[in-house]
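The structure under discussion appears below in the form of structure tokens.
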Amino acid sequence: MIRALLLSIVLFYITALTANERTLPSVNESPWRPPIQLATELKGPIDITDYLVSEKFDGIRGYWTGVDFYTRSGKPISVPTWFSEGFPAYPLDGEFWLGRGNFHKMLSVIKQTQADPKKWQSVRFMVFDLPASKAPFEERYTRMLSSLTARSPYLNVISQVSVDSQVQLDTLLDEVLAKGGEGLMLHHKEALYKVGRSSQIMKLKPLYTASAKVVGYQAGKGRFKGMMGALVLQLPTGQEFKLGTGFNDAQRSNPPKIGSQVSYEYRGLTHNGIPRFASFIQEETDKFHDKEHK
């Protein structure tokens with residue numbers, strides 16, 4: 001009797017441990033990421049009449065599953081319970097937004113593990129797509145307008161417009177920039193929602209050029225070990241930042257000297273005045289003046 005009882009206890013614990021092991025994720029299993037579409041940069045000529053155009057909002061990418069919110073990398077986003085009241089039971093792709101020029105403020109709100117109701121009162125979820133729909137984008141946009149408008153004060157559908165010419169596109173870009181916007185998004189009217197990088201949705205942002213003084217180096221890592229990894233540059237304001245892209249191997253092996261001036265491209269500034277997405281152009285021999293390229 002005692003032997004049978006002991007055997008039953010052992011079998012119980014073996015069964016429990018095995019069940020627990022089945023629920024544990026594999027160490028090699030990748031974390032879940034929302035199945036979202038990613039844009040490319042507009043680089044060549046296109047037939048602009050094939051596209052719908054919208055403002056590019058400087059917010060935090062968000063994915064609504066129909067139940068919860070997640071970041072682009074798959075991290076859950078804590079929101080007050082009232083924020084998502086009225087949201088549909090199907091996926092939405094969009095941006096958490098606090099207004100133009102407030103990216104850093106939005107980021108601090110998103111990072112909070114405990115949602116602050118007072119701060120979330122001003123946040124809007126700006127929807128630009130329906131990930132689960134199999135319809136072309138123009139039809140998806142029509143569906144968003146008809147099914148999402150007025151559902152929640154915290155849910156807005158991003159306005160899409162058609163333009164007839166490059167001149168009209170440039171004018172629209174100028175208007176957005178004058179209001180403090182970041183740029184434009186161009187979405188092909190017939191495009192299907194494609195997970196991953198898509199050439200049918202493109203970003204159009206102004207590209208600026210400027211120069212700065214080389215004040216130091218950061219050593220390279222990995223393939224660049226033994227070479228320069230990044231230049232430490234000093235802006236006219238005295239601020240410093242690291243420039244690590246745009247170099248070939250020869251330039252990394254023989255980088256610009258300390259004290260020299262280099263030119264670089266960038267796409268706007270961070271809230272504290274540091275160039276965003278900066279890329280090396282060349283070492284300067286003459287005084288270089290900032291100018292904008294569109």
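These numbers come from a predicted model, not from an experiment.
Annotation: the span from K205 atom NZ to L177 atom CG amounts to 11.0 Å, rounded to 0.5 Å. We find the CG-NZ distance between L107 and K111 to be 4.5 Å, quoted to the nearest 0.5 Å. Note that CD of Q114 is 6.0 Å distant from OG of S78, once rounded to the nearest 0.5 Å.
Inter-residue side-chain proximity for K213 and S260 is flagged as unmet; no heavy-atom pair is nearer than 4.5 Å. Side-chain contact between L148 and L92 is present, with heavy atoms from C-beta onward closer than 4.5 Å. Between E265 and I281, the closest side-chain pair of non-hydrogen atoms falls below 4.5 Å. By the 4.5 Å heavy-atom criterion applied to side chains, I60 and I77 are not counted as neighbours. Residues R140 and F137 meet the side-chain proximity criterion, which asks for heavy atoms closer than 4.5 Å. Residues M144 and Y141 meet the side-chain proximity criterion, which asks for heavy atoms closer than 4.5 Å. For the pair T142 and E139, the minimum side-chain heavy-atom distance is 4.5 Å or more.
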E175 and K179: CA distance, side-chain angles, deciding distance, salt bridge (Lys or Arg N to Asp or Glu O under 4.0 Å) verdict: CA-CA 6 Å; E175 291 173 354; K179 296 176 183 177; 5.7 Å; no
side-chain contact (heavy atoms from CB on, under 4.5 Å) evaluation trace for R197 with T40: CA-CA 7 Å; R197 195 70 62 182; T40 55; 3.5 Å; yes
side-chain contact (heavy atoms from CB on, under 4.5 Å) between L169 and L204, intermediate numbers included: CA-CA 10 Å; L169 181 67; L204 175 58; 3.9 Å; yes
Distance-only check: which donor-acceptor pairs under 3.5 Å involve side-chain atoms of residues 232-247, not counting sequence neighbours?
{"residue": "T237", "atom": "OG1", "partner": "Q239", "partner atom": "N", "Å": "3.4"}
{"residue": "T237", "atom": "OG1", "partner": "Q239", "partner atom": "OE1", "Å": "3.0"}
{"residue": "Q239", "atom": "NE2", "partner": "N272", "partner atom": "O", "Å": "2.6"}
{"residue": "T245", "atom": "OG1", "partner": "A278", "partner atom": "O", "Å": "2.8"}

Only distances under 3.5 Å count here; give the side-chain donor-acceptor pairs of residues 216-226 to other protein atoms, sequence neighbours excluded, each with its distance to 0.1 Å.
{"residue": "Y217", "atom": "OH", "partner": "P256", "partner atom": "O", "Å": "2.6"}
{"residue": "Y217", "atom": "OH", "partner": "I258", "partner atom": "N", "Å": "3.4"}
{"residue": "R223", "atom": "NH1", "partner": "D249", "partner atom": "OD2", "Å": "3.2"}

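Of all heavy-atom pairs spanning F87 and F83, the tightest one is CE1-O, 3.3 Å. Between S211 and Q261, the closest heavy-atom pair is OG-NE2, 3.6 Å. Heavy-atom minimum distance, S162 versus Q168: O-NE2, 4.2 Å. Annotation for S133 and A135: closest pair OG-N, 3.2 Å, computed over non-hydrogen atoms.
With sequence neighbours left out, the side-chain contact (heavy atoms from CB on, under 4.5 Å) criterion links I46 to L42, I48, Y51, L186, M202. Partners of P131 by side-chain contact (heavy atoms from CB on, under 4.5 Å), not counting sequence neighbours, listed by chain and number: Y63, P91, D93, Y193. D47 meets the salt bridge (charged side-chain N to carboxylate O under 4.0 Å, His left out) test with no other residue; sequence neighbours excluded. Every residue two or more places apart in sequence or in another chain that forms a side-chain contact (heavy atoms from CB on, under 4.5 Å) with E85 is listed here: W82. Residues passing the side-chain contact (heavy atoms from CB on, under 4.5 Å) test with T113, sequence neighbours excluded: none. For R151, the salt bridge (charged side-chain N to carboxylate O under 4.0 Å, His left out) criterion is met by no residue, not counting sequence neighbours.
No donor-acceptor distance shorter than 3.5 angstrom exists from the side chain of T49 to the backbone of D164, with no hydrogens or angles considered.
Within the structure, no pair that satisfies the salt bridge (charged side-chain N to carboxylate O under 4.0 Å, His left out) test touches residues 68-81, not counting sequence neighbours. Listed by first and then second residue, the salt bridge (charged side-chain N to carboxylate O under 4.0 Å, His left out) pairs involving residues 184-196 amount to none (not counting sequence neighbours).
F125 has its ring centre less than 6.0 Å from the ring centre of F96.
Using a 4.5 Å cut-off between side-chain heavy atoms of Ile, Leu, Val, Met, Phe, Trp and Tyr, M126 falls into a hydrophobic cluster with F57, W97, F128, I158. If you chain together ILVMFWY residues whose side-chain heavy atoms come under 4.5 Å of each other, I201 ends up grouped with M185.
Each of Y154, Y90, F69 was scored for a ring pair (Phe, Tyr, Trp, His ring centres under 6.0 Å) with W64, with one residue passing: F69. Screening E182, E95, E41 against K56 for a salt bridge (Lys or Arg N to Asp or Glu O under 4.0 Å) leaves a single residue, E182.
When hydrophobic clusters are built by joining Ile, Leu, Val, Met, Phe, Trp and Tyr residues whose side-chain heavy atoms come closer than 4.5 Å, directly or via intermediates, V176 is not grouped with L52. Under the 4.5 Å side-chain heavy-atom criterion for grouping Ile, Leu, Val, Met, Phe, Trp and Tyr, V262 is connected to M228 within one hydrophobic cluster. Grouping the Ile, Leu, Val, Met, Phe, Trp and Tyr side chains by contacts below 4.5 angstrom, directly or via other members, places V53 apart from V157.
Counting non-hydrogen atoms of other residues, nucleotides and ligands closer than 6.0 Å to NZ of K203 gives a total above 12.
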